[in-house]
Amino acid sequence: MKYNLNLFGYTVDCRLTFSDGTMHIEITEEDQAALRAYLLRVLVKYGREPGSHDSLESLIQDAIEIEKGMNGHLSEPKLKLPYEFQPEIKEKLIEAAELQDMSATQLLIRLIERKHQSVFGKEV
């Protein structure tokens, strides 16, 4: 079954499967790459200096360690993009972001990251 999982303030689409009474969580490589890019951005805000060579596993370990030491979850730095949109485009962006429980800026960043990854075939 499909499920949206919130990891460190980032929502990831995953598939929950059950075999022999054991639950397994499957996340696509694309979503793992997006989560990795998100953690590379966010961990800096919390005093970590991750490098592009860090594995997803080590980034997740850092994120868990940080969250254990605070009362809450990691969150993406808030950015105000210096772009002007046509009102109808802005409304669609805001509506789509609200449906995914994120800010319009976060949605726009994710869309740009995914497009960059599909064009260049590598992580952001």
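Atoms considered below: every heavy atom in the structure, side chains included; atoms not considered: hydrogens, waters and symmetry mates. Remember, predicted model here, so these are calculated numbers, not experimental data.
Of the inter-residue distances, the one linking Ile60 atom CD1 with Glu65 atom CD reads 14.0 Å to the nearest 0.5 angstrom. Rounding to the nearest 0.5 Å places CG of Leu16 at 12.0 Å from NZ of Lys2. Here Gln61 contributes atom CD and Leu56 contributes atom CG; the two are 10.0 Å apart, rounded to the nearest 0.5 Å. Atom CG of Asp31 sits about 10.5 Å away from atom CG of Leu5, to the nearest 0.5 Å. How far OG1 of Thr11 is from CG of Leu107: 11.0 Å, rounded to the nearest 0.5 Å. Rounded to the nearest 0.5 Å, atoms CG (Leu43) and CG (Leu59) are 6.0 Å apart.
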### Task
May I have the step-by-step check of side chain to side chain contact (heavy atoms under 4.5 Å, CB included) for Phe8 and Val42, ending in yes or no?
CA-CA 9 Å; Phe8 318 109; Val42 170; over 6 Å; no
### Task
Evaluate the side chain to side chain contact (heavy atoms under 4.5 Å, CB included) criterion for residues Asn4 and Asp13: first the C-alpha distance (whole Å), next the side-chain angles of each, then the deciding distance (0.1 Å), finally the verdict.
CA-CA 5 Å; Asn4 291 327; Asp13 295 328; 2.5 Å; yes
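The same ILVMFWY cluster, assembled from side-chain heavy atoms under 4.5 Å apart, contains both Met23 and Leu7. By the rule that hydrophobic residues join a cluster once side-chain heavy atoms approach within less than 4.5 Å of another member, Ile112 and Ile94 end up as members of separate clusters. Connection of Tyr10 to Val44 is not established within any shared hydrophobic cluster, with ILVMFWY side chains joined at heavy-atom distances below 4.5 Å, either directly or through further cluster members.
Heavy atoms only, all atoms of each residue included: Cys14 and Ile27 are closest at CB-CG1, 3.8 Å. Of all the heavy atoms in Gly51 and Arg36, the pair that sits closest is O-NH2, 4.1 Å.
Applying the salt bridge (Lys or Arg N to Asp or Glu O under 4.0 Å) test to Glu91 and every residue at least two apart in sequence or in another chain returns nothing. Applying the side-chain hydrogen bond (donor to acceptor under 3.5 Å, both in side chains) criterion to Thr22, with sequence neighbours excluded, gives no partner residue. For Arg15, there are no salt bridge (Lys or Arg N to Asp or Glu O under 4.0 Å) partners two or more places apart in sequence or in a different chain.
Heavy-atom neighbours of Tyr3 OH from other residues, nucleotides or ligands within 6.0 Å: at or below the threshold of 12.
Pairs engaging residues 102-111 under the salt bridge (Lys or Arg N to Asp or Glu O under 4.0 Å) rule: Glu76-Arg110 [sequence neighbours left out]. Residue pairs meeting the salt bridge (Lys or Arg N to Asp or Glu O under 4.0 Å) criterion with at least one partner in residues 49-62, sequence neighbours excluded, are Arg48-Asp62. A salt bridge (Lys or Arg N to Asp or Glu O under 4.0 Å) check over residues 17-30, counting only residues at least two apart or in different chains, returns the pairs Glu30-Arg114.
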